[in-house]
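By convention in this document, chain letters (A, B, ...) are assigned in the order of the sequence lines, proteins followed by strands, and residues within each chain are numbered from 1.
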Amino acid sequence: MFQIRVSSPSTVALAIGRIQFNRMPKTRFSAIQSKTEIPTSEPNPGSEGSNDGSAPELRVFTRRKRLKKTEVQKIHLEVKPHAPKLAAPPDIEEFTYTKVSASTNSIDTGKPPANWEKVLEGIRKMRSSEDAPVDSMGCEKAGSALPPKERRFAVLVSSLLSSQTKDHVNHGAIQRLLQNNLLSADSIDKADEATIKSLIYPVGFYTRKATNLKKIAKICLTKYDGDIPSSLDELLSLPGIGPKMAHLVMNVGWNNVQGICVDTHVHRISNRLGWVSRPGRKQKTSNPEETREALQLWLPKEEWDPINPLLVGFGQTVCTPLRPRCGMCSVSEFCPSAFKEASSPSSKSKKSGLSKKL
DNA sequence: GTCCAGCCGC
DNA sequence: GCGGCCGGAC
């Protein structure tokens with residue numbers, strides 16, 4: 001089964017080769033009620049072990065990109081899959097967080113916020129009765145025939161194109177690439193950049209993405225034999241691939257959850273809920289990467305994957321950026337930010353952005 | 001006109 | 001830490 005969860009503007013964009021909507025008994029996904037893992041016929045060089053949480057393992061995250069100017073931070077995060085399901089909060093003692101190099105700006109500790117399970121469950125319920133754009137976008141059959149290497153490359157291309165792009169637009173672009181046999185590293189490398197550009201139009205930032213696509217194809221071809229990189233770090237080194245997409249690709253492409261895919265919705269909602277505020281200070285995280293690190297400190301690993309579609313849909317329908325619908329939110333009693341949003345955004349320019357912070 | 005939204009260059 | 005990248009929604 002080949003499935004693209006084409007995204008709404010902000011989301012995680014795709015899920016190829018696995019069923020994603022187990023918690024969203026909506027429309028065409030209604031038949032899918034249980035978590036279905038991809039048949040793991042392919043080897044997974046990206047991970048030493050499986051990511052099914054069956055055994056404790058040491059994961060090493062190396063953050064690059066944004067930090068490379070200052071210093072490369074290595075954050076070793078030992079994650080033991082929390083024992084209790086959802087019955088009890090995860091044992092915080094199980095999560096050992098060690099900063100290797102001095103870090104100026106990372107969260108120090110993470111305690112599970114009060115009532116997080118109730119909140120999560122409440123959001124799940126709201127999500128199951130609400131139709132978010134992220135839910136309604138179709139799944140694709142095209143590409144199911146692709147062998148693993150090409151499928152992974154398609155995952156990478158899809159996620160690159162999908163950012164800042166409407167679902168159906170991204171879908172169309174992928175379809176056109178597919179129809180023109182331009183969904184492999186080899187073919188894209190050989191293709192004219194103008195051709196790529198015209199085929200992916202009108203995805204957001206198509207010029208830049210066409211350029212990046214060519215570069216990525218070349219890199220994949222020369223360094224990875226036409227496959228995509230199998231580590232977070234190597235994915236991050238690709239042009240146009242940042243933390244959000246890298247985690248998505250690790251998750252979907254390699255079925256290897258290395259971290260939470262944090263987009264603007266997850267970032268915003270986590271902060272509104274007080275899930276990532278720093279103890280001692282009332283400070284919120286200031287960017288998605290900080291939010292990701294803070295969330296990973298306490299959120300049970302089995303939630304890392306589903307948290308994105310959950311909060312994205314919630315953010316599209318209830319907890320919207322502007323004028324969130326706290327009145328219809330079933331977890332507002334647990335939300336420190338409920339009903340605190342400025343009612344009239346009206347005239348605020350870049351200078352006076354104070355009114356709209358959250 | 002303003003905002004979206006992830007990444008990148010500055 | 002801000003603005004540019006794109007087109008579309010508003």
Side-chain angles (χ1 to χ4, degrees), chain A residues 6-14 63-70 104-105 132-134 137 156-173 193-194 196-216 219 232-252 259-271 283-292 308-309 311-313 315-317 319-324 341-342 344-358:
Chain A
V6 212
S7 69
S8 57
S10 50
T11 333
V12 174
L14 72 191
R63 284 203 306 161
R64 301 231 266 91
K65 292 259 158 143
R66 279 294 178 208
L67 296 171
K68 69 184 157 197
K69 274 291 175 74
T70 59
T104 54
N105 208 16
V134 69
M137 282 309 161
L156 182 60
V157 174
S158 267
S159 51
L160 180 78
L161 295 187
S162 70
S163 80
Q164 296 99 30
T165 303
K166 295 288 187 206
D167 315 333
H168 65 281
V169 174
N170 181 41
H171 175 207
E193 185 170 320
I196 307 283
K197 186 171 160 182
S198 67
L199 286 174
I200 65 175
Y201 179 89
V203 301
F205 314 138
Y206 57 89
T207 303
R208 184 164 304 252
K209 283 177 182 175
T211 308
N212 285 339
L213 212 45
K214 288 285 291 180
K215 288 179 184 167
I216 287 176
I219 293 170
L232 197 62
D233 227 27
E234 291 168 303
L235 283 169
L236 283 171
S237 73
L238 299 176
I241 301 295
K244 193 221 162 190
M245 293 308 166
H247 284 288
L248 177 67
V249 171
M250 282 307 289
N251 183 357
V252 177
I260 299 172
C261 180
V262 175
D263 66 4
T264 184
H265 293 284
V266 176
H267 176 59
R268 176 183 73 253
I269 296 169
S270 296
N271 274 291
Q283 206 166 345
K284 306 170 189 308
T285 54
S286 57
N287 58 57
E289 268 298 272
E290 271 187 22
T291 300
R292 185 180 61 75
N308 181 283
L311 293 192
V312 167
Q316 288 171 336
T317 55
C319 199
T320 48
L322 217 50
R323 278 170 293 212
E341 195 79 7
S344 167
S346 61
S347 66
K348 54 110 198 91
S349 191
K350 321 176 170 194
K351 291 142 192 172
S352 69
L354 244 53
S355 61
K356 138 179 187 205
K357 264 305 65 124
L358 274 182

A:Gln316 CD - B:dC4 C1' separation (whole Å): 12 Å

Separation of atom CD in A:Glu289 from atom P in B:dA5, rounded to whole Å: 18 Å

d(CG, A:Leu236; P, B:dG6) in whole Å: 15 Å

A:His267 vs B:dG6: side-chain N/O to OP1/OP2 distance below 4.0 Å: no

For atom CG of A:Leu238 and atom C1' of B:dC7, their distance in whole Å: 13 Å

A:Thr207 vs C:dC5: side-chain N/O to OP1/OP2 distance below 4.0 Å: no

Distance, rounded to the nearest Å, where A:Ile196 contributes CD1 and C:dC6 contributes P: 16 Å

Within-4.5 Å side-chain heavy-atom neighbours: A:His247 and A:Val262: no

Whole-Å gap separating P (B:dC10) and CZ (A:Arg208): 10 Å

P atoms of C:dC10 and B:dA5, separation to the nearest Å: 13 Å

For A:Ser198, all residues meeting side chain to side chain contact (heavy atoms under 4.5 Å, CB included), sequence neighbours excluded: none

d(NZ, A:Lys209; C1', B:dC8) in whole Å: 13 Å

Pairs under 3.5 angstrom, nitrogen or oxygen only, protein versus nucleotides 7-10 of chain C, please.
residue, atom, partner, partner atom, Å
C:dG7, OP1, A:Tyr206, OH, 2.8

Exercise: do A:Ser158 and A:Asn170 side chains pair donor with acceptor under 3.5 Å: no

4.5 Å side-chain heavy-atom contact, A:Ser163 and A:Asp263: no

Ring centroids of A:Phe205 and C:dC5 base under 5.5 Å with planes under 30°: yes

Non-hydrogen side-chain atoms of A:Val266 and A:Pro288 separated by less than 4.5 Å: no

Contacts of type side-chain hydrogen bond (donor to acceptor under 3.5 Å, both in side chains), residue A:Ser270, not counting sequence neighbours: none

Atom-pair distance (CD1 on A:Ile216; C1' on B:dC7), nearest Å: 11 Å

Distance between P atoms of C:dG8 and B:dC8 (Å, rounded): 24 Å

Any residue meeting side-chain hydrogen bond (donor to acceptor under 3.5 Å, both in side chains) with A:Thr207, in chain and number order, not counting sequence neighbours: none

